[in-house]
**Q** 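Before we start, here is the structure in question, set down as structure tokens.
Residue numbers begin at 1 in each chain, while the letters A, B, ... track the order of the sequences. Since the model is a prediction, treat every value here as computed from it, not as a measurement.
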Amino acid sequence: MQEEYDATSVESHVQDVWNANQAFEVTEDETRPKYYCLCMFPYPSGSLHMGHVRNYTIGDVLSRYKRMQGFNVLQPMGWDAFGLPAENAAIKNNTAPAKWTYQNIDEMREQLQRMGIAYDWSREFATCTPEYYRWEQWFFTQLVEKGLAYKKMATVNWDPVEQTVLANEQVDAEGRGWRSGALVERRQISQWFLKITQYAEELLEETEKLDGWPDAVRTMQRNWIGRSEGVEFDFALADGDVAGESAIRVYTTRPDTVAGVTYMAVAAEHPLATHAAESNADVQAFVDECKKTGTSEAAMEKLEKKGVPLGIDAINPVSGEKVPVYVANFVLMTYGTGAVMSVPGHDQRDFEFAKKFGLPIKQVVQSTNEAVDVSEAAFTDKENTVSINSGQFDGLDFSACFKATADFLAANANGDKKVNYRLRDWGVSRQRYWGCPIPIIYDKDGNAHTVPEQDLPVVLPEDVAFSGVNSPIKEDPNFFNTTVPGTNEPGTRETDTFDTFFESSWYYARYACPDADAMLDSRANYWLPVDQYIGGVEHAVLHLLYARFFHKLMRDVGLITSDEPFTRLLTQGMVIAETFYRDDDGKPEYFNARELDLTYDDKGRINGATLKADGKPVTVGRIEKMSKSKNNGVDPIEMIDKYGADTVRLFSMSDSPPHQSLEWKDGGVEGMNRFLKRVWREVSRLPSDAGQHLFDQEELNDEQKALRRKTHETIAKVTDDIERRYTFNTAIASMMELFNEASKFDDRSNSGFAVQHEAYGALIRLLSPFTPHITHEMWAGLGYESALIDEAWPEVDEEALVRDSITLVLQVNGKRRSEISIAASASKDECEAAAMADENVIKNIDGKTVRKVIVVPGKLVNIVAN
RNA sequence: GCCGAAGUGGCGGAAUCGGUAGACGCGCCGGAUUCAAAAUCCGGUUCUGGCAACAGAGUGAGAGUUCAAGUCUCUCCUUCGGCACCA
């Protein structure tokens with residue numbers, strides 16, 4: 001070993017050794033337990049960012065650790081290659097999305113390989129290839145035949161200038177299209193849906209069993225599915241049929257409050273609103289205004305609550321009173337029946353609306369412990385309550401009144417107890433080019449026919465030019481003109497493509513058998529489910545729910561046998577960094593730290609920045625997620641060139657636990673680099689035959705025992721931190737502590753060498769999942785001939801952990817006053833006696849009476865005195 | 001608006017089951033080495049007072065439970081993530 005650590009040469013050499021041995025290619029092996037570790041695959045934007053580095057390092061640490069534990073480890077990598085950015089780049093740079101994407105993949109693969117992740121590259125694939133997407137086309141045809149995929153009208157953002165559908169992301173905060181600046185409108189078009197609601201109950205039930213998932217993610221999924229129990233029933237219209245309807249059907253989870261209904265509200269798209277708009281200009285204007293809101297839920301909910309009376313009354317089936325019907329912007333056509341009953345006394349939103357429009361507020365539920373005034377705020381409790389002003393239901397509590405009212409509504413208002421879900425069916429149609437073509441052909445009557453298996457894949461033409469923003473295949477007769485399957489009749493292909501979540505919902509399974517001549521083959525059942533899945537917390541609901549849904553669909557088609565795709569889940573936090581900007585004209589211009597000269601105050605905090613180019617000041621902004629728009633990214637490749645991949649990997653794991661955000665700090669990176677250089681130097685100075693020195697635990701002196709104890713305490717801690725806690729930052733801290741002790745240890749005796757060699761041998765193996773290159777070389781430097789990746793994880797020697805004495809903290813009235821060293825075997829009474837004899841304790845209880853003494857064995861003694 | 005998370009020294013964070021608040025790293029201060037600097041090494045570093053021993057304060061704010069609260073309970077504030085066509 002050279003005395004100086006040169007990361008670049010070490011890393012390229014070690015990577016060559018791995019590549020030459022195909023060290024990470026795996027096959028099914030029934031003799032060993034399998035471990036499938038997967039990181040969310042990247043969108044090939046063209047450059048690796050720190051979020052990727054963090055994500056893939058976490059996966060590699062776990063994979064390499066499990067390999068050393070004896071598992072048959074699969075860790076694959078691929079490309080989530082369809083998506084909007086390729087189209088944006090195509091429009092901007094006049095290149096075909098396919099070409100742009102494949103180039104990006106080549107660049108990113110090269111960058112990724114410099115990180116030294118233990119991937120089985122033989123399984124790599126990109127989702128934009130027909131070899132991949134043909135199987136999801138096939139799968140979709142199966143779903144159509146099973147009735148799990150269907151067509152219906154759905155709302156989209158329509159840009160009236162570009163004459164195209166926009167993604168939510170392409171609509172700005174003011175509701176304008178990103179390119180045209182025109183006000184976006186809501187428009188209804190016919191689209192394909194998957195019946196995820198049919199699996200809502202199973203998805204919900206199994207959420208409870210996912211105990212390897214973070215509770216926060218499970219809670220979010222549970223809330224997203226949003227199961228509720230309630231009653232669906234009719235409010236009869238007071239003055240006969242309107243628009244062919246005799247009643248308004250509503251769904252409520254609070255049938256106990258029906259007597260308190262004082263008005264009703266329907267969505268802007270509800271048939272009654274549409275009908276009223278025909279003869280009422282106010283309603284028409286309001287419905288038109290509602291169309292100008294974006295389609296996102298956040299945009300709708302943030303709206304000021306508004307409504308217009310339809311001039312229609314309905315009859316409250318419990319009280320018999322006439323109540324007015326409004327059209328309101330907060331009612332969603334997509335949830336329940338598109339109409340709600342409003343109980344301002346017992347629902348806060350209804351309350352606010354009633355106050356605004358001067359509608360009556362009626363109390364029908366009373367608290368049994370305190371006075372309630374519903375003219376001040378809605379009373380929404382369901383416990384310790386009793387019904388009032390509700391006729392025959394007076395005096396009942398929530399659950400009794402729920403049941404009695406439900407029975408009454410069943411008999412008198414077409415009532416039906418119903419379970420509802422907030423979850424809506426998954427709309428998979430996208431009016432975009434760079435995606436998987438939906439394998440459907442329409443005949444001249446517009447009937448949909450699935451493309452037969454032998455005609456798959458429907459290949460997306462890759463050699464296209466964009467004229468404007470519209471999808472080229474929508475304007476390409478060579479693509480859409482075809483014949484109806486099984487006939488000679490002319491037909492037209494579907495020109496919409498799948499949501500890109502379609503590809504990412506099953507890729508994890510395809511890695512098991514990337515070359516299979518079917519969607520999946522039997523190898524999938526060897527590798528699945530994924531034992532550990534790792535990715536950004538922003539995917540906590542959508543991607544993870546869709547993948548769970550797809551897994552169940554694939555199970556029910558007979559492709560796999562497991563119920564859930566991901567046994568354990570780790571959601572990592574964002575990588576963040578300081579931002580710097582100038583805001584001269586209301587549109588901030590962001591600068592990267594590299595373009596700036598920074599000044600610091602005497603505490604080391606940044607207190608000023610000037611632009612190198614013009615020497616003028618720049619505002620120091622807040623710390624935000626690394627992004628192109630904030631120009632606060634740090635290029636991983638630059639960092640690897642400067643410090644080496646091991647340092648970058650180690651820093652990305654060291655500074656905060658994986659689920660929290662990670663602040664990128666140059667000083668922190670330098671600190672990790674210093675640590676690795678120090679370890680390298682110490683190891684290079686050790687004799688490479690130190691493994692020959694033996695020791696006898698009984699014969700060791702106190703210092704030797706102390707270092708052995710530290711070695712084995714560290715093994716125990718690092719193992720627990722990786723395996724159970726996922727706190728890599730504390731694992732790294734404890735390895736540094738071990739190094740700090742081992743490097744200070746300068747005992748040149750035979751036993752001293754042996755104990756020190758044991759410490760470094762353990763440290764190198766513990767560190768190897770984090771920094772695999774440098775540890776590979778150091779392992780050889782210690783005199784071992786085997787490759788480090790084939791070594792076993794170090795084991796704890798319980799004998800080394802034994803302590804003779806411990807530190808006992810002494811408190812008086814809960815305040816720490818002293819500490820003493822005492823035999824580890826001391827009894828409670830001995831601890832108490834020793835505490836009472838301590839000088840500082842005596843001083844602090846002087847003149848007081850001891851009321852109580854609490855002894856926590858091995859920790860502390862607390863003396864309560866006054 | 002709804003759902004979820006976070007808030008601890010100058011900074012990132014640690015404190016795992018209610019038991020020594022501040023591990024480890026960064027920064028800063030002092031020293032060694034050097035013609036000098038970088039690098040490296042050694043020591044110090046929550047705040048206030050004190051030469052020190054030690055004393056007092058202290059985990060976003062406010063209350064509560066307990067011998068003991070960063071940790072448990074309640075109320076509130078701030079910041080961040082998701083909200084179905086970004087991936």
Side-chain angles (χ1 to χ4, degrees), chain A residues 40 42-43 45 80 82-85 154 156-157 165-171 191 214-217 219-220 222-224 226 295-303 305 330 334 349 422-424 426-432 499-501 504 536-543 545-546 571 573-574 576 600-606 622 624-625 651 654-657 659-663 665-672 674-675 677-678 681 717 720-721 724-725 727 729-730 732-737 740 807-811 813-816 819 840 851-854 856 859-860 862-864:
Chain A
M40 291 180 185
Y43 177 80
S45 61
D80 187 16
F82 276 136
L84 204 48
V156 294
N157 299 303
V165 176
L166 297 182
N168 280 339
E169 192 195 48
Q170 298 170 312
V171 180
Q191 305 190 59
D215 286 339
V217 175
T219 304
M220 280 191 265
R222 210 179 290 125
N223 290 337
W224 187 262
T295 58
S296 84
E297 190 176 326
M300 307 234 268
E301 289 282 340
K302 268 187 234 153
L303 287 177
K305 306 290 173 274
F330 58 83
T334 46
R349 189 171 59 185
R422 204 184 77 92
L423 181 70
R424 312 197 293 259
W426 174 15
V428 295
S429 296
R430 296 292 179 271
Q431 297 69 42
R432 287 173 236 299
D499 179 2
T500 57
F501 275 127
S504 57
V537 64
E538 66 274 17
H539 295 291
V541 180
L542 289 178
H543 161 62
L545 192 65
Y546 291 145
T571 49
M574 302 172 301
I576 57 179
Y600 300 87
D601 65 13
D602 56 2
K603 305 259 189 189
R605 287 174 294 208
I606 295 175
R622 55 166 135 211
E624 295 192 64
K625 180 180 180 174
F651 173 70
S654 70
D655 226 37
S656 50
H659 64 273
Q660 284 178 29
S661 59
L662 169 72
E663 189 181 332
K665 305 203 98 170
D666 290 345
V669 183
E670 304 230 9
M672 290 305 121
R674 256 197 298 273
F675 169 68
K677 285 197 280 198
R678 275 201 287 256
R681 193 181 322 117
K717 168 136 183 75
D720 186 48
D721 283 352
R724 180 181 63 87
R725 296 213 306 152
T727 49
N729 55 330
T730 55
I732 292 166
S734 66
M735 288 189 273
M736 288 180 156
E737 284 184 53
N740 290 343
T807 303
L808 196 65
V809 167
L810 307 181
Q811 296 182 333
N813 292 331
K815 274 191 193 293
R816 183 182 181 282
E819 65 174 42
N840 263 322
R851 302 288 173 190
K852 202 172 178 182
V853 178
I854 290 128
V856 183
K859 288 253 162 89
L860 59 74
N862 186 16
I863 297 152
V864 185

**Q** Remember a base hit wins even if backbone is also touched, and classify Glu538(A) as base, sugar-phosphate or nothing at under 4.0 Å, heavy atoms.
**A** base
**Q** Starting at atom CD of Glu663(A), determine the distance to atom P of A6(B), rounded to an integer number of angstrom.
**A** 18 Å
**Q** Nearest whole angstrom, please: distance from the P of G82(B) to the NZ of Lys625(A).
**A** 7 Å
**Q** When all nucleic acid strands are considered with a 4.0 Å heavy-atom cut-off, which category describes Gln431(A): base, sugar-phosphate, or nothing?
**A** base
**Q** Of the nucleotides G13(B), G12(B), G1(B), which has the atom closest to the Gln660(A) side chain?
**A** G13(B)
**Q** Within the structure, does a side-chain N or O atom of Asn813(A) lie under 4.0 Å from either OP1 or OP2 of A68(B)?
**A** no
**Q** Looking only at atom P, what distance separates G25(B) and G44(B), rounded to whole Å?
**A** 13 Å
**Q** Just to verify, what does Asp499(A) make a salt bridge (Lys or Arg N to Asp or Glu O under 4.0 Å) with, not counting sequence neighbours?
**A** Arg430(A)
**Q** How would you label the contact of His539(A) with the nucleic acid (heavy atoms, under 4.0 Å): base, sugar-phosphate, or nothing?
**A** base
**Q** With sequence neighbours left out, what residues match Glu297(A) under side-chain hydrogen bond (donor to acceptor under 3.5 Å, both in side chains)?
**A** Arg422(A)
**Q** Taking any heavy-atom pair under 4.0 Å as a contact, classify Trp426(A): base, sugar-phosphate, or nothing.
**A** nothing
**Q** Which atom pair, heavy atoms only, marks the closest approach of Ala154(A) to Gln191(A)?
**A** CB-NE2, 3.3 Å
**Q** Please list, chain by chain and in numerical order, all residues satisfying side chain to side chain contact (heavy atoms under 4.5 Å, CB included) with Ala733(A), sequence neighbours excluded.
**A** none
**Q** Can you give the dot-bracket line for RNA chain B, where a pair is Watson-Crick or G-U wobble with both atom distances under 3.5 Å, crossing pairs use [ ], and | marks a partner on another strand?
**A** (((((((..(((......[....)))((((((.......))))))((((....))))..(((((..]....))))))))))))....
**Q** What is the distance, to the nearest angstrom, from the CZ atom on Arg422(A) to the C1' atom on C2(B)?
**A** 8 Å
**Q** Between C1' on G7(B) and NE2 on His659(A), what's the gap in Å once rounded to a whole number?
**A** 13 Å
**Q** Identify whether any heavy atom of Met300(A) sits under 4.0 Å from a base atom; if not, whether one sits that close to sugar-phosphate; answer base, sugar-phosphate or nothing.
**A** nothing
**Q** Relative to the 5' end of RNA chain B, which residue comes earlier, Gly83(A) or Met220(A), by the nucleotide with the nearest heavy atom?
**A** Met220(A)
**Q** Quantified in whole Å, what is the P atom distance between nucleotide A39(B) and nucleotide A55(B)?
**A** 41 Å
**Q** Between A84(B), G1(B), C54(B), which nucleotide has the shortest distance from any of its atoms to the side chain of Asn840(A)?
**A** C54(B)
**Q** Could you measure the distance from the CE atom of Met736(A) to the CE atom of Met672(A)? Nearest 0.5 Å is fine.
**A** 3.5 Å
**Q** If you compare every side-chain N and O of Lys815(A) against the phosphate oxygens of A57(B) (OP1, OP2), does one of them come in below 4.0 Å?
**A** yes
**Q** Looking at A84(B), G13(B), U40(B), which one has an atom nearest to any side-chain atom of Arg681(A)?
**A** U40(B)
**Q** Taking the side chain of Glu169(A) as heavy atoms from C-beta outward, which of G12(B), C86(B), G82(B) is closest to it?
**A** C86(B)
**Q** Using a distance-only test with no angle check, is there a side-chain donor-acceptor pair under 3.5 angstrom linking Asn729(A) and Asp655(A)?
**A** no
**Q** P atom, C2(B) versus C76(B): distance in rounded Å?
**A** 12 Å
**Q** I need the CZ-P distance between Arg430(A) and A84(B), as an integer number of Å.
**A** 11 Å
**Q** Using O4'-C1'-N9-C4 for purines and O4'-C1'-N1-C2 for pyrimidines, with syn meaning within 90° of 0, is G9(B) syn or anti?
**A** syn
**Q** What distance, rounded to whole Å, do you find between the two C1' atoms, one in C51(B) and one in C42(B)?
**A** 23 Å
**Q** For C54(B), decide between syn and anti, treating a glycosidic angle within 90° of 0 as syn.
**A** anti
**Q** Base, sugar-phosphate or nothing for Arg349(A)? Non-hydrogen atoms, less than 4.0 Å.
**A** nothing
**Q** Taking the same atom, P, in U79(B) and in U46(B), what whole-Å distance lies between them?
**A** 31 Å
**Q** Give one of base, sugar-phosphate or nothing for Ser429(A), where a contact means two heavy atoms less than 4.0 Å apart.
**A** base
**Q** Measuring only the P atom in each nucleotide, how far is G30(B) from U20(B)? A whole number of Å is fine.
**A** 35 Å
**Q** Which residues satisfy the salt bridge (Lys or Arg N to Asp or Glu O under 4.0 Å) test with Arg725(A), sequence neighbours excluded?
**A** Asp721(A)
**Q** For Leu545(A), report the nucleic acid contact type (base, sugar-phosphate, nothing); a contact means any heavy atom under 4.0 Å.
**A** nothing
**Q** Partners of Pro214(A) by side chain to side chain contact (heavy atoms under 4.5 Å, CB included), sequence neighbours excluded?
**A** Val217(A), Leu569(A), Thr571(A)
**Q** Considering only atom P, compute the distance from A15(B) to G50(B) and round it to an integer number of Å.
**A** 35 Å
**Q** What string of B, S and - do you get for nucleotides 16-25 of chain B, 5' to 3', when a contact is any protein heavy atom under 4.0 Å?
**A** B--BB--BSS
**Q** Within the pair Arg222(A) and C3(B), is there a side-chain N or O less than 4.0 Å away from OP1 or OP2?
**A** no
**Q** Students often get this wrong, so: under 4.0 angstrom with heavy atoms, is Phe501(A) touching a base, only sugar-phosphate, or nothing?
**A** base
**Q** Pro657(A) near the nucleic acid: base, sugar-phosphate alone, or nothing, with a heavy-atom cut-off under 4.0 Å?
**A** sugar-phosphate
**Q** Starting at atom CD of Glu301(A), determine the distance to atom C1' of C3(B), rounded to an integer number of angstrom.
**A** 11 Å
**Q** Test of understanding: with side chain to side chain contact (heavy atoms under 4.5 Å, CB included), list the residues that count as partners of Asn840(A), not counting sequence neighbours.
**A** Ser818(A), Asp838(A), Lys843(A)
**Q** Is there a side-chain contact between Val171(A) and Thr295(A), using heavy atoms and a 4.5 Å cut-off?
**A** no
**Q** With sugar-phosphate meaning primed atoms plus P, OP1 and OP2, does Val853(A) contact a base, only sugar-phosphate, or nothing at under 4.0 Å between heavy atoms?
**A** nothing
**Q** Can you list everything that forms a side chain to side chain contact (heavy atoms under 4.5 Å, CB included) with Ile606(A)? Sequence neighbours excluded, please.
**A** Glu578(A), Phe580(A), Leu598(A), Tyr600(A), Val620(A)
**Q** With a non-hydrogen cut-off below 4.0 angstrom, is Ala540(A) in contact with a base, only sugar-phosphate, or nothing?
**A** nothing
**Q** Below 4.5 Å, heavy atoms only, C-beta onward: do Phe501(A) and Val428(A) meet side chain to side chain?
**A** no
**Q** Looking at Glu301(A) and Ala298(A), would you say the former's side chain and the latter's main chain have a donor-acceptor pair under 3.5 Å?
**A** no
**Q** Which whole-number value in Å describes the distance from Ile576(A) CD1 to U79(B) C1'?
**A** 11 Å
**Q** Please report the distance separating the P of G56(B) from the corresponding atom of A69(B), rounded so that it comes out in whole Å.
**A** 15 Å
**Q** Whole angstrom is fine here: how far is it from CZ in Arg851(A) over to P in A68(B)?
**A** 15 Å
